[in-house]
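All values reported here derive from a predicted model rather than from experimental measurement.
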Amino acid sequence: SSSPLRIRESAASKPSSTFTRASSKNVFDAAGALTPVAADTIATDHSPSTLTKLGALFEVARTNSLRNNTMAGGGAGVLPNFWTSSGTTVAGITRTVVGTGAEDGIAYVDIQFSGTTTGSLGYELGFDAYDQIAAVAGQSWTNSMFARLVAGALTNAQLTLWVSGRLANGSSASDQGSVVVAPTSAALRTQRFGLARTFTGGTVARGIGFLYVFASTSGLAINFTLRIGLPQFEQGATITSPIATSTAAFARVIDALTLTPLAGGSLTWRARYDDDSTGTIAAGVTGAYAVDPATLTRPRVKTIWAATS
């Protein structure tokens with residue numbers, strides 16, 4: 001069946017269903033292209049690596065707080081609008097914007113780093129201004145990006161992805177975390193990197209995601225070109241489907257599925273997920289049941305059904 005979700009009938013329940021989502025969302029189609037799905041339409045997701053159909057993707061509401069992850073305003077020699085960096089040349093290494101484009105529906109910018117270090121290199125590439133995105137202690141934030149090595153090699157250089165808490169003026173609040181990333185030449189859609197951090201520092205007033213290029217000492221030859229696609233900085237502890245922006249942050253609305261059984265009585269609702277595991281998602285429900293994506297063990301669902309509690 002081409003339907004993204006099977007709602008299985010049983011003696012206990014023969015439900016009707018309604019679905020709303022007051023925004024579009026992006027998922028991978030059967031050909032591996034990132035494709036927008038219209039509002040109020042259940043989204044069928046596929047593995048970007050194997051192209052296997054995974055099921056219906058149900059997600060909580062999220063906002064990509066980066067104002068421009070589709071590279072608007074960027075091009076040869078020019079960073080995308082709102083992006084920030086440590087400069088054109090740092091410690092002997094020159095950053096060159098090669099150009100922008102799209103690969104499998106993923107907007108990207110290609111950036112080359114080349115030269116020989118004249119000292120320790122610490123280069124920051126910020127996906128927005130450091131004083132732009134409001135954040136406070138107690139919030140969890142996730143930074144993610146697609147990345148691909150399109151030329152050269154990462155010899156002598158290390159790449160890390162950061163979630164950083166900042167003061168109101170954008171300077172460091174000393175509350176940040178990172179993860180090492182090592183992109184290869186594989187298809188961009190198959191390489192999405194990310195990490196989450198919960199801010200604890202009481203002085204945190206802003207948050208930012210950035211990429212850091214590091215080299216330990218002088219005299220190191222560096223030459224590689226990195227393709228960066230659709231970075232995303234979202235409040236929450238997990239990476240969600242890519243949210244495209246060009247001039248301002250954008251909110252993807254919750255996937256709201258409501259199931260109404262024809263039969264009465266108390267029901268237990270269960271789900272089969274993309275990995276074929278199953279689990280109870282609600283028990284003791286009488287009447288219409290609104291599926292809460294936050295209660296799902298996994299966001300991609302093949303089948304939902306109910307049995308008498």
*What about F113 and Y123, are their ring centers closer than 6.0 Å?*
yes
*Does any donor atom in the side chain of T225 or D110 lie under 3.5 Å from an acceptor atom in the other side chain?*
no
*Spell out, as yes or no, whether a donor-acceptor pair under 3.5 Å connects the side chain of S24 to the backbone of V37.*
no
*For the hydrophobic clusters of this structure (ILVMFWY residues joined by side-chain heavy atoms under 4.5 Å, transitively), does one cluster hold both L167 and V204?*
no
*Answer with yes or no whether the hydrophobic clustering places M145 together with L188; edges join I, L, V, M, F, W, Y residues whose side-chain heavy atoms lie under 4.5 Å apart.*
no
*For residues R189 and S47, is any side-chain donor paired with an opposing acceptor at under 3.5 Å?*
no
*Can any side-chain N or O of S17 pair as donor or acceptor with the backbone N or O of T258 at less than 3.5 Å?*
no
*Side-chain H-bond candidate by donor/acceptor type, R166 with S164, under 3.5 Å*: yes
_Evaluation steps, side-chain contact (heavy atoms from CB on, under 4.5 Å), between L195 and N143_ = CA-CA 6 Å; L195 80 157; N143 183 22; 4.3 Å; yes
*Give a yes or no on whether the backbone of V136 and the side-chain of Q139 come within a donor-acceptor separation of less than 3.5 Å.*
yes
*Mind telling me whether Y212 and F214 have parallel, tilted or perpendicular rings, with 30° and 60° as the class edges?*
parallel
*If the plane angle is over 60° it's perpendicular, under 30° parallel, otherwise tilted; pick one for W269 and Y289.*
parallel
*asked:* Could you tell me if S277 and R272 have a donor-acceptor pair between their side chains, going purely by distance under 3.5 Å?
replied: no
*Which is it for R300 and D45 under the salt bridge (charged side-chain N to carboxylate O under 4.0 Å, His left out) test, yes or no, and what are the steps along the way?*
CA-CA 8 Å; R300 293 164 181 84; D45 202 14; 2.7 Å; yes
*asked:* I'd like to know whether T160 forms a side-chain contact (heavy atoms from CB on, under 4.5 Å) with V181, so could you lay out the CA-CA distance, the side-chain angles of the two residues, the decisive distance to 0.1 Å, and finally the verdict.
replied: CA-CA 6 Å; T160 48; V181 297; over 6 Å; no
_Separation between OG1 of T63 and CD1 of I243, rounded to the nearest 0.5 Å_ = 6.5 Å
*CZ of F233 to CD1 of I133: how many Å apart, nearest 0.5 Å?*
5.5 Å
*asked:* Quick one, V27 with T44, criterion side-chain contact (heavy atoms from CB on, under 4.5 Å). Give me CA distance, side-chain angles, the key distance, then yes/no.
replied: CA-CA 7 Å; V27 294; T44 305; 5.9 Å; no
*Treat each ILVMFWY residue as a node, draw an edge where side-chain heavy atoms are under 4.5 Å apart, and state whether F82 and Y130 are in one component.*
no
*Check: R227 side chain, S185 main-chain N or O, donor-acceptor pair, under 3.5 Å*: no
_Spacing of L34 atom CG and N26 atom CG [to the nearest 0.5 Å]_ = 4.5 Å
*Roughly how far, to the nearest 0.5 Å, is the CD1 atom of I42 from the CG atom of L57?*
11.0 Å
_Side-chain H-bond candidate by donor/acceptor type, D40 with T20, under 3.5 Å_ = no
*Please check if the side chain of T100 supplies one atom and the backbone of G75 the other of a donor-acceptor pair under 3.5 Å.*
no
_Row check, Y273 ring normal vs R298 NZ/CZ: under 6.0 Å, within 45°_ = no
*When you check the side-chain N and O atoms of T245 and R67, is any donor under 3.5 Å from an acceptor?*
no
_Hydrophobic cluster identity match, L66 and V163, side-chain contacts under 4.5 Å_ = yes
*Distance-only donor-acceptor check, side chains T94 and T89, under 3.5 Å*: yes
*May I ask you to test the W162-S178 pair for a side-chain heavy-atom distance under 4.5 Å?*
yes
_Main chain of S23, side chain of R21: is a donor-acceptor contact present, judged purely on distance under 3.5 Å?_
yes
*CG/L257 to OG1/T18 distance, rounded to the nearest 0.5 angstrom?*
7.0 Å
*Does one side chain, of S85 or W83, offer a donor that lies under 3.5 Å from an acceptor on the other?*
no
*Could you tell me the separation between the CG atom of L230 and the CD atom of E103, rounded to the nearest 0.5 Å?*
11.0 Å
_For a 4.5 angstrom cut-off between non-hydrogen side-chain atoms, does L159 reach F224?_
yes
*asked:* Can a side-chain donor-acceptor contact be found between Q112 and N223 if the only test is distance below 3.5 angstrom?
replied: yes
*So, T240 versus E234: side-chain donor-acceptor pair below 3.5 Å or not?*
yes
*Just by modelled atom types, is the T142 backbone N or O under 3.5 Å from a matching donor or acceptor in the R197 side chain?*
no
*Do the non-hydrogen side-chain atoms of L121 and I222 ever get within less than 4.5 Å of each other?*
yes
*Would L54 end up clustered with V291 when hydrophobic side chains under 4.5 Å apart are linked, directly or stepwise?*
no
*Going through the distances and angles, do V98 and I111 end up as a side-chain contact (heavy atoms from CB on, under 4.5 Å)?*
CA-CA 6 Å; V98 178; I111 300 179; over 6 Å; no
*Could you check if a side-chain atom of K302 sits within less than 4.5 angstrom of a side-chain atom of D276, using non-hydrogen atoms only?*
yes
*Between the side chains of E59 and S241, does any donor sit under 3.5 Å from an acceptor?*
yes
*Name of the residue among L5, D255, L259 meeting side-chain contact (heavy atoms from CB on, under 4.5 Å) with F19*: D255
